[in-house]
Amino acid sequence: MNKTWNNKAWWMVVPVVLLVAFSAIIPLMTVVNYAFQDTFGNNEFYWVGIEWFEDLMESDRFFDALQRNILFSCIILAIEVPLGIMIALSLPKSGWKVNVYLVLMALPLLIPWNVVGTIWQVFSRTDIGLLGNTLVSLGFDYNYTRDVLDAWITIVAMDVWHWTSLVVLLSYSGLVAIPEAYFQAARIDGASKWATFRYIQLPKMRGVLTIAILLRFMDSFKIYTEPMVLTGGGPGNSTTFMSIDLVKMAIGQFDLGPAAAMSLVYFMIILLICYAFFTVVTNMDKAETKTGGAS
Amino acid sequence: MDLSWMAWTTPVAIFFVVLVCLITAMGIWEYFQPGGGPRVGWLRFETTRGDRLFLSILSAGFINLGWIRWTDQSLWWALALSIIWAVFIYRKC
């Protein structure tokens with residue numbers, strides 16, 4: 001049967017194209033223009049060529065922030081993914097308790113980023129904060145505003161508190177979708193809990209876990225508000241991630257040219273990650289379609 | 001309409017014009033040969049010609065950045081390398 005082609009439907013995309021042009025493409029074009037120029041205000045710009053990119057590629061400040069971003073993303077993934085799976089495995093599969101647990105799990109996800117930062121800033125203070133004051137009372141030399149390790153532990157703990165629920169919810173959705181027949185077969189074979197997890201549950205959760213890992217990686221890689229509110233990038237520059245450094249450069253120092261160059265490089269890195277995310281997810285869908293959803 | 005706040009310069013304008021031309025050319029190509037020409041190549045996952053254009057442009061950005069970081073040579077060489085790389089992507093990926 002011949003398929004009827006009607007390309008008139010493309011006109012329905014026009015409003016979105018216009019919206020994206022105003023909200024993303026035109027600002028991006030401006031950033032590209034700024035990246036090759038210098039300004040002292042008053043809307044006057046001077047061509048500097050690739051000077052800002054040369055500075056950026058030799059800048060320890062940029063590469064240090066990039067390393068902090070990568071380190072932070074790796075740490076939170078190493079904690080949130082296994083923890084999320086463990087919590088999802090321990091949740092009940094049915095009954096009224098399921099709803100209660102799922103709502104409780106979803107609560108941290110509903111709190112705005114700046115509120116999370118403020119909660120943890122107060123929570124971790126050594127004078128009035130429940131966590132900070134308790135740790136100091138127990139004899140720990142804890143001060144997240146002074147000690148680099150304490151600041152990192154606090155930021156990681158905050159992110160784990162905020163986002164592990166996402167991994168839990170995704171893992172749980174993958175777990176409850178596994179047909180009971182698989183578990184019956186495992187029981188008949190006398191499979192241990194570990195073997196059931198390793199050969200049934202984990203492979204069946206592969207799709208949702210991939211999405212969880214990529215979502216968390218992308219989100220943690222562009223983290224800004226929470227550490228900005230909690231530590232302001234300190235002590236020193238120890239928790240200054242790329243996004244924080246970018247805002248400091250653009251708004252704090254009014255170095256629009258270098259900030260534009262940095263944001264373009266940052267954008268390219270994010271684009272690369274997004275493309276990897278898109279490719280993995282679409283190829284996974286195609287593979288599942290080919291195998292008829294079985295794995 | 002006053003666009004002076006966008007601080008336009010000729011090189012950046014040329015860059016965007018080339019980008020728009022590339023996308024338009026892809027549209028025309030798609031019109032005459034619909035389907036995007038999907039295939040699995042060197043990257044071991046399926047790519048369409050749109051994917052290959054995207055990868056070529058993004059790689060060109062990283063090639064130029066690497067060139068700036070590790071050499072003092074003219075960026076025209078980086079552009080030449082980017083074009084060779086784009087040809088490789090279109091043929092092998």
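Residue numbers begin at 1 in each chain, while the letters A, B, ... track the order of the sequences.
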What part of [X] gets within 4.5 angstrom of chain B, counting heavy atoms only: side chain, backbone, both, or neither?
X       : result
A:Glu54 : both
A:Phe63 : side chain
A:Ile50 : side chain
A:Phe53 : both

- Message: For B:Leu58 versus A:Met268, what's the shortest heavy-atom pair and its separation?
- Response: CD1-O, 3.9 Å
- Closest non-hydrogen atom pair, A:Tyr275 against B:Thr47: OH-CG2, 4.2 Å
Which bit of [X] is near chain A, if near means a heavy-atom gap under 4.5 Å: side chain, backbone, both or neither?
X       : result
B:Phe54 : side chain
B:Asp51 : both
B:Pro11 : side chain

For [X], does the [atom1] atom sit with more than 12 other heavy atoms under 6.0 Å from it, leaving out its own atoms?
X        : atom1 : result
A:Trp11  : CH2   : no
B:Asp72  : CG    : no
A:Trp47  : CH2   : yes
A:Phe278 : CZ    : no
B:Trp8   : CH2   : yes

- Could you list which of residues 15-35 of chain A have a heavy atom closer than 4.5 Å to any heavy atom of chain B, in residue-number order? A:Ile26, A:Met29, A:Thr30, A:Val32, A:Asn33, A:Tyr34
- Query: Considering residues at least two apart in sequence or located in another chain, which fulfil the side-chain hydrogen bond (donor to acceptor under 3.5 Å, both in side chains) criterion with B:Ser56?
  - Reply: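 Counting only residues at least two positions away or on another chain, B:Ser56 forms no side-chain hydrogen bond (donor to acceptor under 3.5 Å, both in side chains).
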Which side-chain N or O atoms in residues 214-224 of chain A pair as donor and acceptor under 3.5 Å with protein atoms at least two apart or in another chain?
from, atom 1, to, atom 2, distance (Å)
A:Arg216, NE, A:Glu80, OE1, 2.9
A:Arg216, NH1, A:Asp219, OD2, 3.3
A:Arg216, NH2, A:Asp159, OD1, 3.4
A:Arg216, NH2, A:Asp159, OD2, 2.7
A:Asp219, OD1, A:Lys222, NZ, 3.4
A:Ser220, OG, A:Ser73, OG, 2.9
A:Ser220, OG, A:Arg216, O, 2.8
A:Ser220, OG, A:Phe217, O, 3.0

- Close side-chain approach of B:Thr9 to A:Phe36, heavy-atom, < 4.5 Å: no
- Message: Once rounded to the nearest 0.5 Å, what's the spacing between atom CG of B:Leu55 and atom OG1 of A:Thr279?
- Response: 7.5 Å
Using distance only, find each side-chain donor-acceptor pair of residues 83-91 of chain B under 3.5 Å and give its atom names and separation, not counting sequence neighbours.
from, atom 1, to, atom 2, distance (Å)
B:Trp85, NE1, B:Ser59, OG, 3.1
B:Tyr90, OH, B:Arg49, O, 3.1
B:Tyr90, OH, B:Leu53, N, 3.3

